[in-house]
Amino acid sequence: MTKTAAARPAAPAPAARPAKAPSPAGDRGRRRLADQARAYGFLLGGLVCFALFSWYPAVRAVVIAFQEYTPGSPPAWVGTANFTRVLSDPEFGAAWRNTLTFTLLALLLGFAVPFVLALVLNELRHARAFFRIVVYLPVMIPPVVSALLWKWFYDPGSGLANETLRLLHLPTSNWTNGADTALVSLVIVATWATMGGTVLIYLAALQSVPGELYEAAELDGANLLQRIRHVTIPQTRFVILMLMLLQIIATMQVFTEPFVITGGGPENSTVTVLYLIYKYAFLYNDFGGACALSVMLLALLGLFSAVYLRLTRSEGEAA
């Protein structure tokens, strides 16, 4: 019995399992996670700046709109009293009326002129870079400097505008000194100062339109206006709609031109909502009223933007 057991050969030891190879999918997931962590790390500085200088002031303004807030004294909750007081202000209606009129005039003038200039620049064959710089030059001038230049230009006595009209033996104008011409004069200033960036965006959109579409339209006998209507505008429709929305938002917040050139006058004909907010905050020392006006403007622009984007998206899906 013992000999038989001893004669049996020993069982072979189990072979060692080979090391498990790393999964390619797992490596890709870890690399993607590391890339995202680095990206958010780079974004962290910008997010902190936005939080401190944009988001926090916006939230704080909404809170102050429901408080009686005076620097140096503790705020007191007053509910909707600030909104009631602002709504009863005689300047409130004038400010909104001037702002809406300014926006409408800016759309009629400042929306068509950049598009036409972009069409002209797109057709140029020589000195294209020079004219692009000339068109964009007003954007590089600080807004306050631009407004001061136009203030001198509009001077009814020795301003360049009236001097030019006198040389041409044409009647002069009061420009910004007349209640019936001041707002239109400011629209011209704002259009001149901001159209350069819009022209370049339109120009980039126009250059992305395939040339074959224009060639096909020409073969079909389409003239210039027909090519613009049936080729250019449909191909750049998305850019046009987005720039229209941005322009409406920007013109509803016009401040520099009324503040520097007219001071809201004459006869409150150029007082805008943003200028009235400035008056409440820094002239009347009423930060609650200023924030209430700001919240009204924010709510109106937010509602308008939501409706506008909804309508344009519905039209795009239908098309």
Side-chain angles (χ1 to χ4, degrees), residues 95 97-122 128-156 158-165 173-206 239-266 268-279 297 301:
R97 182 171 59 253
N98 294 336
T99 301
L100 294 175
T101 304
F102 185 95
T103 301
L104 178 61
L105 293 175
L107 282 177
L108 295 176
L109 179 63
F111 191 72
V113 171
F115 189 73
V116 173
L117 284 176
L119 290 173
V120 173
L121 289 177
N122 193 47
R128 180 182 295 182
F130 170 76
F131 286 107
R132 287 180 186 176
I133 295 175
V134 170
V135 170
Y136 193 73
L137 185 62
V139 181
M140 296 185 284
I141 301 176
V144 175
V145 175
S146 175
L148 290 174
L149 289 173
W150 278 92
K151 185 176 182 179
W152 166 79
F153 181 83
Y154 281 142
D155 188 277
S158 58
L160 183 59
N162 279 345
E163 288 295 334
T164 304
L165 292 176
S173 173
N174 286 327
W175 300 109
T176 55
N177 287 357
D180 54 343
T181 58
L183 199 61
V184 178
S185 302
L186 296 186
V187 170
I188 296 174
V189 176
T191 301
W192 176 85
T194 59
M195 71 178 180
T198 307
V199 169
L200 292 186
I201 295 174
Y202 277 138
L203 189 59
L206 291 174
V239 176
I240 291 174
L241 293 176
M242 288 306 301
L243 286 179
M244 180 180 290
L245 174 61
L246 295 177
Q247 182 173 358
I248 291 174
I249 293 174
T251 52
M252 286 289 290
Q253 301 178 72
V254 60
F255 171 75
T256 303
E257 289 80 10
F259 178 73
V260 176
I261 299 178
T262 62
N268 287 336
S269 60
T270 58
V271 172
T272 60
V273 175
L274 219 63
Y275 187 74
L276 187 59
I277 292 173
Y278 162 80
K279 292 177 69 173
L297 182 60
L301 292 179

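Basis for what follows: all heavy atoms, side chains included, without hydrogens, waters or symmetry-related copies. Only a predicted model underlies this, so the values are computations on that prediction, with no experimental measurement involved.
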Tested for side chain to side chain contact (heavy atoms under 4.5 Å, CB included) against Glu257, the lone hit among Ile188, Val189, Leu183 is Val189
Val271 and Leu276 have their tightest heavy-atom pair at CG1-CB, 4.4 Å
Say you draw a straight line from OG1 of Thr262 to CG of Asn177; how long is it, rounded to the nearest 0.5 Å? 9.5 Å
So CG of Leu241 and CG of Leu246: to nearest 0.5 Å the spacing works out to 11.0 Å
Tell me if a side-chain donor or acceptor on Asp155 pairs with a main-chain N or O of Ser158 at a distance below 3.5 Å. yes
Hey, does Tyr136 have a side-chain heavy atom less than 4.5 Å from the side chain of Val199? no
Leu100 side, atom CG; Leu105 side, atom CG - distance, nearest 0.5 Å: 11.0 Å
Can you tell me if Asn162 uses its side chain to pair, donor with acceptor, with the backbone of Trp175 under 3.5 Å? no
Residues Thr198, Gln247; criterion side chain to side chain contact (heavy atoms under 4.5 Å, CB included); working and verdict: CA-CA 9 Å; Thr198 307; Gln247 182 173 358; 5.8 Å; no
Please give me the minimum heavy-atom distance between Met252 and Thr99, naming the atom from each residue. O-CG2, 3.5 Å
Distance from Phe255 atom CZ to Tyr278 atom OH, nearest 0.5 Å? 6.0 Å
Donor-acceptor under 3.5 Å (Tyr154 side chain, Ser185 main chain): yes
Over all atoms of both residues, closest heavy-atom pair of Gly263 and Tyr275: O-OH, 3.1 Å
Report yes if some heavy atom in the side chain of Val134 is under 4.5 Å from a heavy atom in the side chain of Phe130; otherwise report no. yes
How close do Val254 and Thr272 get, counting heavy atoms only, and between which atoms? O-OG1, 3.0 Å
Kindly give the heavy-atom pair with the smallest separation between Val239 and Ala205, and that separation in Å. CG2-CB, 3.9 Å
What class does the angle between the rings of Phe111 and Tyr202 fall in, given that below 30° is parallel, 30 to 60° is tilted and above 60° is perpendicular? perpendicular
Does Ile141 reach the side chain of Trp192, with side-chain heavy atoms less than 4.5 Å apart? yes
Nearest 0.5 Å, please: how far is CG in Leu206 from CD1 in Ile201? 12.0 Å
Please give me the minimum heavy-atom distance between Ala182 and Pro266, naming the atom from each residue. CB-CD, 3.9 Å
Please check this pair: side chain of Ser146 against backbone of Ala193, looking for a donor-acceptor N/O pair closer than 3.5 Å. no
Gln253 side chain vs Leu297 backbone, donor-acceptor pair below 3.5 Å: no
Whether the side chain of Thr270 engages the backbone of Gly265 through a donor-acceptor N/O pair (distance < 3.5 Å, no angle test) should be reported. yes
One should read off an interatomic distance between Leu107 CG and Thr251 OG1, to the nearest 0.5 angstrom, of 6.0 Å
